[in-house]
Amino acid sequence: MTLVNFNNRTRNTAPYFNNVFDSLFSDAITKNKSVDKSPNVNIHENETAYVIELAAPGLKKEDFQINLKKDTLSVWAEVKKDETQVAKDFTRKEFDYSSFARSFNLPDSADGDNITAEYKDGILSINIAKKDDAKLQHKEIVVS
């Protein structure tokens, strides 16, 4: 009987059966899903404002802190959960701690004195008004 080492990690070919299981188990062990809690963000602009939307379900509006320092808008949230369950023969205590922080550089046309935030249905919406001279003005140009 001959033993053959079936490991193609040094080859630049398509992955074989062993590598599929190697990556599956190593990812499951080393990758902690609760560490990556940075929310997804949508940023868009309309005629009068810039809007930042953060997907952060399961939080309360009291969990968020929003700060403007010079031209950098920082958003962070911190959640601490502590759960204790006591039954006749056992005690179980679980705790969870999660947080995230995101920062955004505002353009010169943003009005830092006129920023509002609303948390609804798991979405934190931050509305940053534009300065009057930077608002998009609709103007029709006639071709001659």
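Heavy atoms only, all atoms of each residue included: Ala55 and Ile123 are closest at CA-CD1, 4.0 Å.
To the nearest 0.5 Å, atom CG of residue Leu73 and atom CD1 of residue Ile128 are 5.0 Å apart. A distance of 8.5 Å separates NZ of Lys130 from CD of Glu47, quoted to the nearest 0.5 Å.
In this structure, the side chains of Phe104 and Val41 come closer than 4.5 Å at one or more pairs of heavy atoms.
Results of the side chain to side chain contact (heavy atoms under 4.5 Å, CB included) test with Ile52 over Ile43, Ile66, Asn42 single out Ile43 as the only residue that passes. Of the candidates Leu124, Ile126, Leu54, Phe64 forms a side chain to side chain contact (heavy atoms under 4.5 Å, CB included) with just one, namely Leu124.
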Side chains of residues 110-122: which donor-acceptor partners sit under 3.5 Å, not counting sequence neighbours?
unit_1 : atom_1 : unit_2 : atom_2 : d
Asp111 : OD1    : Asp113 : N      : 3.2
Tyr119 : OH     : Ala56  : O      : 2.5
Tyr119 : OH     : Leu59  : N      : 3.3
Tyr119 : OH     : Leu59  : O      : 3.2

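Identified under the side-chain hydrogen bond (donor to acceptor under 3.5 Å, both in side chains) test for residues 57-71, with sequence neighbours left out: Gln65-Trp76.
Partners of Ser125 under the side chain to side chain donor-acceptor pair (under 3.5 Å) rule, at least two apart in sequence or in another chain, do not exist in this structure.
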